[in-house]
S.K.: 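Can you keep this structure in mind? I'll have questions shortly.
First listed ligand is number 1; within each ligand, the first listed atom is number 1.
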Amino acid sequence: MSSCPQLCRRCVDKLEPNPVLQFHPDARILIIGQAPGAAVHRSGIPFDDPSGRRLRQWLAMDESTFYDPQQVAIMPMGLCYPGKGRSGDNPPDPRCAPLWHPQLLPQLQQLRLTLLIGQYAQKRYLAGFTNTTAAVQAWQQWLPQGRLALPHPSPRNNIWLKRNPWFEQALLAPLQQAVAAALA
Ligand code: SF4
C-alpha cells in the first residue's frame with residue numbers, strides 16, 4: 001500500500017483513481033466533503049465547480065485563501081470521483097476514508113475548525129448523527145468543539161436550501177466568524 005494518497009490505486013476495480021485533496025500539516029481549517037465530481041476529477045482542483053463557488057460564498061473566503069494548503073486542508077470522504085449513479089454521482093467509495101483519514105488527520109496539529117459537508121462526513125465524525133438537517137441545526141452544540149455540519153453546497157441541493165432558509169439566515173454569520181477566528 002502506498003503511504004501517499006495521491007498515488008493510491010486501491011479502488012481501481014470500481015473507479016478511475018485520481019485522488020484530489022489539498023493538504024499541509026499547518027492548515028487551520030479542514031473541509032471534509034463527499035467526493036470529487038466529474039469536473040474536479042478532470043481539473044484535479046478540489047471544489048473547482050459550482051459547489052466550490054457557493055461554499056466560498058458561505059465561508060466569505062476568497063480563492064487565494066481557500067486554495068492555500070497552509071490555511072485550508074480539503075480531504076473528502078472519497079478522494080476519487082466515484083462515477084455516475086442513477087441519480088447523480090455515486091457515494092464516496094467506503095474504503096477510502098477508513099484508509100486515509102487516520103493517516104492524515106493526526107498530522108493536522110494546527111487544526112481549529114473542521115467543516116463536515118454532507119451526510120457521509122457527518123455520519124463518520126458526529127456522534128449520534130441521524131440526518132443532515134438535524135446535524136446542521138445542532139451547530140451550537142458542535143461549534144465549541146471546533147466542528148460544524150454543513151449541507152452540501154451543490155446546486156443539486158437547492159431544494160434543501162429552499163426548504164431550510166434558517167440555514168443561511170442564522171448560520172452563515174457564525175460560520176464566517178468561526179472561519180475568520182480559525183485563520184486569525
Ligand atoms: S477512492 Fe481513496 S482508497 Fe480509493 S483509489 Fe481513490 S484514494 Fe485510493
S.K.: Take atom 2 (Fe) of ligand 1 as the centre and count protein N, O or S atoms at distances under 2.8 Å.
M.R.: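 The number of such protein atoms is 1.
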S.K.: Are the side chains of Leu175 and Leu150 in contact, using a 4.5 Å heavy-atom criterion?
M.R.: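 With C-beta onward as the side chain, the pair touches.
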S.K.: Can you tell whether the side chains of Lys84 and Asp89 come within less than 4.0 Å, N to carboxylate O?
M.R.: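 Looking at Lys84 and Asp89, the cut-off is met.
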S.K.: Hey, are the side chains of Gln70 and Gln110 touching, using non-hydrogen atoms and a 4.5 Å cut-off?
M.R.: no
S.K.: Please examine the side chains of Phe47 and Ile117, heavy atoms only from C-beta on, and report whether any two atoms are closer than 4.5 Å.
M.R.: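 Counting from C-beta outward, Ile117 and Phe47 do come under 4.5 Å.
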S.K.: Run the ring-ring contact (aromatic ring centres under 6.0 Å, His included) test against His41 and tell me which residues pass, sequence neighbours left out.
M.R.: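 In terms of ring-ring contact (aromatic ring centres under 6.0 Å, His included), with neighbours along the sequence ignored, His41 is linked to Tyr81.
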S.K.: Decide, yes or no, whether a salt bridge links Asp13 with Arg95 under the criterion of side-chain N to carboxylate O below 4.0 Å.
M.R.: yes
